[in-house]
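Report on the following structure.
A, B, ... follow the sequence lines: proteins, then strands. Residue 1 opens every chain.
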Amino acid sequence: MSNVLVFAEHQHKKFSKLALVAVRAGQIIAEKTGGECHAAVLGTGVEGLAGELAAYGVKKVYAVEDPALEHYTADAHAQALANLALDKGLDVVVATASAVGKDLMPRVAVRLDGGIACDITGVNDDGTFERPMYAGNVIAKISIERPKKVITVRTTAFDPAAKGAAAAVEQVAAKIDHAALKMKFVSFNETKSDRPVLSEARIVVSGGRGLKNGENFTIVLEPLVDALGAAMGASRAAVDAGFVPNDLQVGQTGKVVAPELYIAVGISGAIQHLAGMKDSKVIVAINKDEEAPIFQVADYGLVADLFKAVPELKEEVEKLKHH
Amino acid sequence: MKILVTAKRVPDPNATIKVRPDGTGIVTDNVKYVVNPFCEIAIEEALRIKEKHGGAEVVLVSIGGKVAQEQLRTGLAMGADRAILVLSEQEVDPAVVARILKKTVETEQPDLVLMGKQAIDDDSNAAGQMLAELLGWGQATFASAVKLSDDKKSAVVTREVDGGLEDIEVQLPAVITADLRLNEPRYASLPGIMKARKKELKEIPIAEVGVDLSPTIKIHKLEPPPKRQAGKKVGSVQELVQLLHAEAKVI
């Protein structure tokens with residue numbers, strides 16, 4: 001039996017879907033070993049957040065406070081999270097494989113002298129995990145060969161936790177060695193957008209090199225994106241070519257998405273792109289090359305010149321909305 | 001200043017990866033190997049720091065079989081000064097990589113360690129962070145811009161995080177891991193390739209490094225991912241919208 005500690009990530013004192021996905025994954029892992037699932041919220045003034053989380057069926061929520069946790073930095077957060085796991089005897093620590101989770105959890109693994117399984121997509125009854133390797137071309141069954149286990153989970157592979165029995169919230173001092181800290185938060189420049197967040201959107205429209213330049217993302221693709229109320233993504237080829245910034249990249253080295261509807265426009269379907277979107281419920285591909293590999297994973301394929309098809313599609317979507 | 005940079009040997013990102021029928025590994029016949037693309041970006045960044053600040057030494061390190069010499073020579077041809085190859089015929093997991101690199105850092109005493117944010121074979125994205133924690137250093141992962149302070153005692157690093165860009169200040173020495181847009185790596189020039197042949201490439205058998213090599217992760221089996229079935233081709237935009245509305249019910 002192992003008890004699980006879930007790191008509940010928040011962005012400036014607001015939870016996104018990430019925290020609840022981590023909780024659900026933690027609950028699944030705990031169920032397999034007959035252990036308890038606890039959760040931790042780190043920061044300053046996070047008691048309210050911890051209270052919110054307490055409604056999701058965990059055993060206990062820790063509100064871990066320290067001035068050094070006001071902004072996320074890997075070294076301070078790793079100290080706080082590892083100290084908590086050690087103090088409370090929680091042998092498994094779970095987070096999502098978000099930018100923060102990926103940055104933080106390997107340090108926690110070192111502090112616990114444990115092993116880390118990164119970006120897992122499944123939990124097996126025998127205690128092994130499934131995780132993609134080689135840009136999603138290989139699924140590995142792995143186990144952590146250490147008593148202390150640290151796990152990051154792929155956000156799109158687990159559902160968010162549902163409401164459950166209420167838990168107690170415990171205030172905990174983080175016991176951080178401030179003299180050992182080497183990192184300082186300077187600033188955060190949020191990508192300003194009225195559109196939904198890429199990793200949480202119900203519909204994603206992505207553009208590839210077929211769009212030819214960055215300007216065409218704006219004048220051809222964006223009207224469709226907005227007509228659908230979608231998030232905009234891009235292939236690595238489009239990012240590499242400098243058409244759009246990297247935070248739009250869908251793929252193994254970018255964001256992994258699994259929306260209800262994914263529309264790939266002018267994307268050939270390189271392996272590493274497919275790894276980032278092939279779990280979408282419905283996939284549409286628009287490409288003028290009928291041999292493009294993207295059609296092998298698409299539920300609906302349209303062989304057409306995107307510069308004609310995309311504006312038409314936008315018109316049709318708007319017509320539908322007005323019916 | 002001295003910069004230590006990793007250069008992992010990985011299959012070409014454009015290669016088609018197939019799992020061996022017995023699930024013990026991938027098919028390696030006819031697969032071309034390259035420097036991990038993110039490590040290549042790290043090497044480029046080290047060279048740019050060297051060119052900008054002058055007097056820096058760029059030392060490459062790789063862990064792998066003798067064949068990884070090829071990737072180290074590539075980095076030397078780009079302009080790195082010398083290279084270290086920790087000879088290992090077996091795959092090592094990120095925790096073991098971090099232990100080995102910690103030893104290398106203790107020997108070489110670099111002011112900065114630059115690595116790729118992840119290797120495109122294992123895709124863990126963990127070794128750099130583990131190394132930083134083992135050393136008690138700060139880290140800056142997902143770097144898209146690195147600015148060293150004039151006294152070279154710290155760096156401000158722009159990081160590609162969820163929802164935007166974050167700037168952090170990290171004291172040196174530190175571990176910085178490169179993201180895609182940090183820079184565009186140069187190609188090795190012909191004179192560079194000629195010069196690289198004469199540069200020092202030191203080999204150290206893994207057993208002589210003096211670290212615990214016991215794995216923290218065991219890979220039981222590899223499998224190809226479940227295949228998604230190709231659907232239907234539609235004839236027009238109108239048909240597509242009808243199907244998405246009436247059949248798939250997603251719009």
Side-chain angles (χ1 to χ4, degrees), chain A residues 73-75 78 98-99 102-103 106-107 109-111 115-118 128 133-146 180 182-191 197 228 239 246-247 252-253 260-261 272 278 282 295-303 309 312-313 316-317 320, chain B residues 13 17 19 26 94-95 98 120-126 129-130 132-134 136-139 141-142 144 156 160-171 174 179-181 215-225 228 230-234 237-238 240-241 243-245 248 250-251:
Chain A
T73 51
D75 54 0
S98 61
K102 287 174 177 172
D103 188 56
R107 292 191 79 120
V110 168
R111 292 193 81 89
I116 184 166
C118 300
T128 59
M133 292 171 67
Y134 296 93
N137 284 296
V138 175
I139 306 296
K141 182 194 263 198
I142 66 161
S143 57
I144 302 175
E145 303 290 295
R146 307 288 284 184
K182 307 280 166 61
M183 302 166 65
K184 213 166 74 188
F185 170 85
V186 177
S187 64
F188 177 61
N189 302 306
E190 193 179 353
T191 308
V197 179
L228 287 163
V239 170
N246 192 29
D247 58 347
Q252 179 77 359
T253 54
E260 280 183 42
L261 173 60
Q272 87 97 25
K278 68 178 169 47
V282 175
F295 287 121
Q296 289 164 24
V297 300
D299 300 286
Y300 303 105
L302 177 63
V303 180
E312 246 183 272
L313 182 54
E316 291 295 323
V317 167
L320 195 65
Chain B
I17 300 295
V19 178
I26 60 158
I120 61 154
D121 49 0
D122 176 71
D123 283 329
S124 277
N125 191 331
Q129 297 88 309
M130 295 182 112
E133 183 63 54
L134 282 175
W137 288 7
Q139 72 188 36
T141 54
F142 309 111
S144 66
V156 172
E160 307 224 2
V161 297
D162 295 335
L165 294 173
E166 180 191 75
D167 279 5
I168 61 166
E169 189 184 321
V170 60
Q171 289 173 35
D179 211 328
L180 197 60
R181 280 156 42 108
T216 61
I217 295 291
K218 183 174 170 192
I219 297 180
H220 298 264
K221 198 176 177 200
L222 301 183
E223 277 179 355
R228 209 184 156 105
K232 52 182 126 181
K233 291 262 168 67
V234 297
V237 167
Q238 286 74 16
L240 174 63
V241 172
L243 286 167
L244 290 177
H245 182 62
V250 286
I251 60 170

Next item on the list: Quick one: which of A:N246, A:L313, A:V297 has the most heavy-atom pairs under 4.5 Å with chain B, could you say?
Entry: A:N246

Checklist line | Partner chain A: residue of B:N125, B:V156, B:T141, B:L180 with the largest heavy-atom pair count (under 4.5 Å) | finding: B:L180

Next item on the list: Could you tell me the separation between the CZ atom of B:R181 and the CG atom of A:D247, rounded to the nearest 0.5 Å?
Entry: 7.5 Å

Notebook entry, point to check: Hey, which of B:H220, B:Q238, B:E166, B:R228 has the most heavy atom pairs under 4.5 Å with chain A?
Noted result: B:R228

Check: CZ of A:R146 to OG1 of B:T216: how many Å apart, nearest 0.5 Å?
Finding: 7.0 Å

Next item on the list: Between chain B and each of A:C118, A:A78, A:S98, count heavy-atom pairs under 4.5 Å; write down the option with the most.
Entry: A:C118

Notebook entry, point to check: Quick one: what part of B:I17 sits under 4.5 Å from any heavy atom of chain A, side chain, backbone, both or neither?
Noted result: both

Margin query: Is B:P225 in contact with chain A via its backbone, its side chain, both, or neither, using a 4.5 Å heavy-atom distance?
Written below: both

Checklist line | Nearest heavy atoms of B:D123 and A:M133, plus distance in Å | finding: OD2-C, 3.7 Å

Notebook entry, point to check: Among B:A98, B:G138, B:G163, which residue forms the greatest number of heavy-atom pairs with chain A at distances under 4.5 Å?
Noted result: B:G163

Notebook entry, point to check: A:L302, A:I116, A:D75: which one forms the most heavy-atom pairs within less than 4.5 Å of chain B?
Noted result: A:L302

Margin query: Heavy-atom pairs under 4.5 Å with chain A: which of B:Q171, B:M130, B:K232, B:K218 has the most?
Written below: B:K218

Check: Would you say the side-chain atoms of B:Q129 pair up with the backbone N or O of A:K102, donor to acceptor, closer than 3.5 Å?
Finding: yes

Check: A:E190, A:K278, A:E260, A:E316: which one forms the most heavy-atom pairs within less than 4.5 Å of chain B?
Finding: A:E316

Check: Judged by atom type as modelled, is there a donor-acceptor pair below 3.5 Å linking the side chain of A:D299 to the main-chain atoms of B:G231?
Finding: no

Notebook entry, point to check: What part of A:V282 is in contact with chain B, defined as an atom under 4.5 angstrom from a non-hydrogen atom: side chain, backbone, both or neither?
Noted result: both

Item checked: Nearest-0.5 Å distance that lies between atom CG in A:L228 and atom CD1 in B:I251 -> 6.0 Å

Checklist line | Contact leader toward chain B among A:P106, A:G115, A:A140, where contacts are heavy-atom pairs under 4.5 Å | finding: A:P106

Item checked: Among the listed options B:L222, B:L134, B:L165, the residue most often paired with chain A at heavy-atom distances under 4.5 Å -> B:L165

Checklist line | Residue among B:I120, B:D122, B:D179 with most heavy-atom pairs under 4.5 Å to chain A | finding: B:D122

Check: Under a 4.5 Å heavy-atom cutoff, which of A:A135, A:A74, A:A180, A:G301 has the most pairs with chain B?
Finding: A:G301

Checklist line | B:A248 to A:Y300 - nearest heavy-atom pair and separation | finding: CB-OH, 3.8 Å

Next item on the list: Go through the atoms of B:A132 and report whether side chain, backbone, both or neither lie under 4.5 Å from a heavy atom of chain A.
Entry: both

Check: Is a side-chain donor or acceptor of B:D162 paired with a backbone partner of A:A99 at a separation under 3.5 angstrom?
Finding: yes

Item checked: Heavy-atom contact with chain B under 4.5 Å, split by part of A:L320 -> side chain

Next item on the list: May I have the step-by-step check of side chain to side chain contact (heavy atoms under 4.5 Å, CB included) for A:Y134 and B:V19, ending in yes or no?
Entry: CA-CA 10 Å; A:Y134 296 93; B:V19 178; over 6 Å; no

Checklist line | Which portion of A:Q272 sits near chain B, non-hydrogen atoms under 4.5 angstrom | finding: neither

Next item on the list: Check each atom of A:T128 against the heavy atoms of chain B and say whether the ones under 4.5 Å are side chain, backbone, both or neither.
Entry: side chain

Note to self: To check you understand the geometry: which heavy-atom pair defines the closest contact between B:I217 and A:E145, and what is its length?
What the structure shows: C-CG, 4.2 Å

Check: Within a radius of less than 6.0 Å around NZ of B:K233, do more than 12 heavy atoms belonging to other residues, nucleotides or ligands occur?
Finding: yes

Next item on the list: Salt-bridge test for A:K141 and B:E223: reply yes if a basic N is under 4.0 Å from a carboxylate O, no otherwise.
Entry: no

Note to self: As an exercise, state the distance from NZ of A:K184 to CD of B:E169, rounded to the nearest 0.5 Å.
What the structure shows: 4.5 Å

